[in-house]
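A short write-up of the structure that comes next.
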There are 2 protein chains.
Amino acid sequence: MKNLTDRQKEILNLIKSFIGDYGFPPTRAEISKELGFKSANAAEQHLRAIEKKGFIKILSGASRGIVLSKEEEKGIPVIGLVAAGGPILAQENIEKRIPDSQSLLSESVDYYLRVKGDSMVDVGIFEEDLIGVKKTNDIKVGSVVVARINDEVTVKTLKKFSSEEVILKAENENYSDIKVNPSVDELNFEGTCVGLLRNLS
Amino acid sequence: MKNLTDRQKEILNLIKSFIGDYGFPPTRAEISKELGFKSANAAEQHLRAIEKKGFIKILSGASRGIVLSKEEEKGIPVIGLVAAGGPILAQENIEKRIPDSQSLLSESVDYYLRVKGDSMVDVGIFEEDLIGVKKTNDIKVGSVVVARINDEVTVKTLKKFSSEEVILKAENENYSDIKVNPSVDELNFEGTCVGLLRNLS
DNA sequence: TAACATACTGTATATAATTACAGTAATTTA
DNA sequence: TAAATTACTGTAATTATATACAGTATGTTA
């Protein structure tokens, strides 16, 4: 999918915020008015360009027939198993997308990660739970983090963080702490856990 | 807010599902076609009636200018403390509403209930977690239920369910089972727990 | 029992909206 | 450097849409 120009991004954002405000997409005239175009055709042509790049679909004949593409619906990706060797958010890792409900979790979530194993049961994180992860470099001791050690992704509590040693704690007495020497092992923090979703029944 | 007639409900549901499918509301003609009206005016008049009852707002002049009212935006209520003596979904109990993200939890949630106490920690339900509750009479032994015993609301696992005795199990070894005789105590099941949300950080 | 609400058909019209065609001009890509 | 893309103005036609007015019929409320 090609990149949008700044102007095109501006128009796409306008469409999204219009939908957020009114519940339906704007007309060409409304877009033009908002951005100061004197001709509705300016909007029309921008829309065609944005459609060509795959960000929207225009339903011909229908008034306000602008449909945001799947990717653009801002669904938050759910990551199942993480394939080795690639970024965690690679397309192949995305199981599905779930709607972005800002007010659901207080901090913004970049993706959900499906929990494997029972190493965090003592803090109520169970297998198959979805943890909401925020990508951040602001990693704090005591918080639950998503770390990648030698290309393996793991969820643990950060217990110690120094240049010589990083300790990741499993919240389950049957597991022992993971001690990592950052100068020897490849260690990356993928983010902090800011929330949890569980499907029961 | 007055109640809608069956036909009006049908039309409101059509509008919601149309928005779900296309991302914008239907026209009068589209509503009429879907429901088999031969005149677009039938839809128009239904819309006016539904607006009068407060479920939608019609923006005059705007095509597809149907806006769902706040209440109708299907925000799911979050219940904090339940005031004694009233229905659990009474206005005074509603802390806030969070957007309905169907695909978030697989079963539909009628409301979220903020968990008080630590009686369910062994199944990973912690204090302040929000459990997604589905109102249902189809209560099953083994599932986590929201029960009301003599006007007190509690979340427990249903262990036994017969006409002589109902046993509600706390999932925490420090708590003992609650045994209720339905013919003596007032026992109501408010619903089944179908999911869980937790805010960390 | 008169007034009102519900649930439509049918016709008509103003206006809202899409969209094609003809240009201009600057910038980017091949 | 020719061709394509971006970023618009301006005009106009067709179609999409909202919406008023005139009816018919049935059920409900005051």
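Just so you know, these numbers come straight off a predicted model, no measurement behind them. The sequence lines fix the lettering, A, B, ..., with proteins before strands; numbering per chain opens at 1.
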Could you pull out all donor-acceptor pairs under 3.5 Å where a side-chain atom in residues 32-43 of chain B meets a protein atom, sequence neighbours excluded?
{"unit_1": "B:Ser32", "atom_1": "OG", "unit_2": "B:Arg28", "atom_2": "O", "d": "2.9"}
{"unit_1": "B:Ser32", "atom_1": "OG", "unit_2": "B:Ser39", "atom_2": "O", "d": "3.3"}
{"unit_1": "B:Ser39", "atom_1": "OG", "unit_2": "B:Asn41", "atom_2": "N", "d": "3.0"}

Can you tell me the distance, in whole Å, between the NZ atom of A:Lys33 and the C1' atom of C:dA16?
-> 14 Å

Tell me the ring-ring contact (aromatic ring centres under 6.0 Å, His included) pairs involving residues 115-147 of chain B, sequence neighbours left out?
-> none

So, the side chain of A:Asn172 versus the backbone of A:Asp118: is there a donor-acceptor pair under 3.5 Å, distance only?
-> yes

Spacing between A:Asp6 atom CG and D:dT6 atom C1', to the nearest angstrom | 12 Å

side-chain hydrogen bond (donor to acceptor under 3.5 Å, both in side chains) partners of B:Lys156, counting only residues at least two apart | B:Ser119, B:Thr154

Could you list all the salt bridge (Lys or Arg N to Asp or Glu O under 4.0 Å) pairs where at least one residue sits in residues 173-188 of chain B, not counting sequence neighbours?
-> B:Lys159-B:Asp177

Between A:Glu30 (CD) and C:dA17 (C1'), how many Å, whole number?
-> 9 Å

Pairs flagged by ring-ring contact (aromatic ring centres under 6.0 Å, His included) wherever residues 148-172 of chain B is involved - sequence neighbours left out | B:Phe161-B:Phe189

In whole angstrom, what separates B:Arg64's CZ from C:dA16's C1'?
-> 12 Å

Determine: side-chain N/O of B:Ser63 to OP1/OP2 of C:dA16, distance under 4.0 Å, yes or no.
-> no

A:His46 has an atom NE2; how far is it from atom P of D:dT6, in whole Å?
-> 10 Å

Of the nucleotides C:dA17, D:dT6, D:dT19, which has the atom closest to the A:Ala49 side chain?
-> D:dT6

Between A:Gly61 and B:Arg7, name the one whose nearest nucleotide on DNA chain C is closer to the 5' end.
-> B:Arg7

Dump the pairs, protein N or O against N or O of nucleotides 9-13 of chain C, anything under 3.5 Å, distances to one decimal.
{"unit_1": "C:dT9", "atom_1": "OP1", "unit_2": "B:Lys38", "atom_2": "N", "d": "2.9"}
{"unit_1": "C:dT9", "atom_1": "OP2", "unit_2": "B:Lys38", "atom_2": "N", "d": "3.0"}
{"unit_1": "C:dT9", "atom_1": "OP2", "unit_2": "B:Ser39", "atom_2": "N", "d": "3.3"}
{"unit_1": "C:dT9", "atom_1": "O4", "unit_2": "B:Asn41", "atom_2": "ND2", "d": "3.3"}
{"unit_1": "C:dG10", "atom_1": "N7", "unit_2": "B:Ser39", "atom_2": "OG", "d": "2.9"}
{"unit_1": "C:dG10", "atom_1": "O6", "unit_2": "B:Asn41", "atom_2": "ND2", "d": "3.0"}

According to a strict under-4.0 Å criterion, is A:Arg28 in side-chain N/O contact with OP1 or OP2 of C:dT18?
-> yes

Which of the following nucleotides, C:dT19, D:dT19, D:dA18, is nearest to the side chain of B:Thr27?
-> D:dA18

Sort and list the pairs that fulfil ring-ring contact (aromatic ring centres under 6.0 Å, His included) and have at least one residue in residues 127-148 of chain B, not counting sequence neighbours.
-> none

Is there a donor-acceptor contact under 3.5 Å from the side chain of B:Thr192 to the main chain of B:Ile139?
-> no

To the nearest angstrom, how far is A:Leu35 atom CG from D:dT6 atom C1'?
-> 15 Å

Axis bend over the full length of the helix from C:dT1-D:dA30 to C:dA30-D:dT1, computed from five pairs that close each end, to 10 degrees = 40°

Residues at least two apart in sequence or cross-chain that pass side-chain hydrogen bond (donor to acceptor under 3.5 Å, both in side chains) with A:Ser63, listed by chain then number, are B:Ser63, B:Arg64

Interatomic distance, B:Glu51 CD vs D:dA18 C1' [rounded to whole Å] | 13 Å

Atom-pair distance (CG on B:Leu47; P on C:dA5), nearest Å = 18 Å

Please determine if a side-chain N or O atom of A:Thr5 lies less than 4.0 Å away from the OP1 or OP2 oxygen of D:dT5.
-> no

